[in-house]
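Here's the structure we're looking at; comments come further down.
Predicted model only: the values in this text are computed from it and were never measured.
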Amino acid sequence: MPVLLLNRLTPDLLESVVELDQRSLGGMWSFDAYQREFNSPNSDLLVLSIPSTPDSSDSLDSTPVSPLVGIGCLWSILEEAHITVLAIHPDYWHQGFGQSLLYGLLTCACQRGLEWATLEVRRSNQPAWSLYQKFGFREVGFRKRYYKDTDEDALIFWLSGLHKPEFTDTLGQWEVIVRDRLAQSGWSLSVHL
């Protein structure tokens with residue numbers, strides 16, 4: 001079973017993050033923006049990657065493919081985790097990768113002692129808001145014409161109680177759900193946060 005790695009962004013992957021952002025989000029953030037987030041003590045940048053196998057680069061006919069398949073970012077603002085990016089390479093949608101990243105981001109928020117998490121999502125992105133609701137987020141409002149490219153509204157989602165002792169148990173339950181979902185798609189998960 002192939003392994004999916006969930007860990008913090010390293011500087012050598014910044015270019016790959018920008019490429020994935022372009023592919024998945026249409027170029028929401030630039031290299032400089034990701035560099036700022038990487039250097040900020042108030043940001044957590046996570047990546048999902050597929051480690052290359054020793055013989056995967058032996059073929060001269062194969063086109064090199066980035067092992068990076070997902071990115072996530074949160075800002076730590078006072079006691080809030082503001083999830084600003086959660087993107088999966090389109091070739092890997094519907095396999096549980098988004099769940100893995102969201103689990104990782106919420107784990108980071110819990111490690112920081114943050115009390116709640118919030119995020120915005122396009123009103124039309126039903127798969128994303130279904131994921132957030134599955135993880136206990138509640139829709140609490142919207143931002144009118146938040147997305148400038150389409151003037152689409154953003155739904156605001158909120159999850160509280162991250163600082164409570166029982167949230168650690170919840171994270172443990174979610175980890176089992178995430179690992180089971182990935183196994184259904186033929187993946188195993190290795191977490192290094």
- request: Could you please spell out the steps behind the side-chain contact (heavy atoms from CB on, under 4.5 Å) verdict for Thr10 and Leu13?
  value: CA-CA 6 Å; Thr10 55; Leu13 290 176; 3.8 Å; yes
Taking all non-hydrogen atoms of both residues, which atom of [X] and which atom of [Y] are closest, and how far apart?
X: Gly186; Y: Pro2; result: O-CD, 3.0 Å
X: Cys110; Y: Thr168; result: SG-OG1, 4.3 Å
X: Gly104; Y: Leu46; result: C-CD1, 3.4 Å
X: Gln133; Y: Phe157; result: CG-CE2, 3.7 Å

Evaluation steps, ring pair (Phe, Tyr, Trp, His ring centres under 6.0 Å), between Trp129 and Phe137
CA-CA 9 Å; Trp129 48 264; Phe137 282 82; over 10 Å; no
Taking only distance into account, with no hydrogens and no angle test, what donor-acceptor pairs under 3.5 Å do side-chain atoms of residues 69-89 form with protein atoms, sequence neighbours excluded?
from	atom 1	to	atom 2	distance (Å)
Trp75	NE1	Glu37	OE1	2.7
Trp75	NE1	Glu37	OE2	3.4
Glu80	OE1	Trp116	NE1	3.3
Glu80	OE2	His82	ND1	3.4
His82	NE2	Glu120	OE1	3.1
Thr84	OG1	Cys73	O	3.4
His89	ND1	Asp91	N	3.0
His89	NE2	Arg23	NH1	3.4

Q. Taking a hydrophobic cluster as the set of Ile, Leu, Val, Met, Phe, Trp and Tyr residues connected by side-chain heavy atoms closer than 4.5 Å, whether directly or through intermediates, do Leu5 and Leu182 fall within one such cluster?
A.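 The answer is no; the residues belong to distinct hydrophobic clusters.
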Give the cluster check for Val178 versus Leu193: same hydrophobic cluster or not, with ILVMFWY residues linked at side-chain heavy-atom distances below 4.5 Å.
->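 Yes: a chain of side-chain contacts under 4.5 Å links Val178 to Leu193.
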* Pair Asp44 + Arg8: basic N to acidic O under 4.0 Å ->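 Looking at Arg8 together with Asp44, the answer is yes, because their closest N to O distance falls below 4.0 Å.
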_Side-chain ion pair, Arg122 and Glu152, N-O less than 4.0 Å_ =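 Yes.
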Taking the six-membered ring for Trp, is the centroid-to-centroid distance between Trp29 and Tyr34 below 6.0 Å?
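Ring-ring flag for Trp29/Tyr34: true, centres closer than 6.0 Å.
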Side-chain donor-acceptor pair under 3.5 Å between [X] and [Y], yes or no?
X: Arg181; Y: Ser185; answer: yes
X: Asp32; Y: Ser30; answer: no
X: Gln111; Y: Thr107; answer: no

Sequence neighbours left out, cut at 3.5 Å: what donor-acceptor pairs do the side chains of residues 158-166 make with other protein atoms?
none

**OP:** Mind checking side-chain contact (heavy atoms from CB on, under 4.5 Å) for Asn39 and listing every partner two or more places apart, or none if nothing turns up?
**Re:**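 side-chain contact (heavy atoms from CB on, under 4.5 Å) check on Asn39 returns Gln35.
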For Asp21 and Met28, indicate whether the former's side chain and the latter's backbone hold a donor-acceptor pair under 3.5 Å.
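Yes, Asp21 side chain to Met28 backbone: donor-acceptor pair under 3.5 Å.
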*Under 3.5 Å donor-acceptor, Ser40 side chain and Arg36 backbone*: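 Between the backbone of Arg36 and the side chain of Ser40 there is no qualifying donor-acceptor contact (under 3.5 Å).
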State, yes or no, whether a side-chain contact exists between Ser43 and Phe38 at a heavy-atom distance under 4.5 Å.
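They are not in side-chain contact.
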Are Tyr103 and Ser100 packed together at the side-chain level, in the sense that at least one heavy-atom pair is separated by less than 4.5 angstrom?
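Not touching, per the 4.5 Å side-chain cut-off.
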Check your understanding: Does the side-chain contact (heavy atoms from CB on, under 4.5 Å) test come out yes or no for Trp187 and Ile50, once each step is laid out?
Key -> CA-CA 10 Å; Trp187 296 95; Ile50 301 168; 3.4 Å; yes
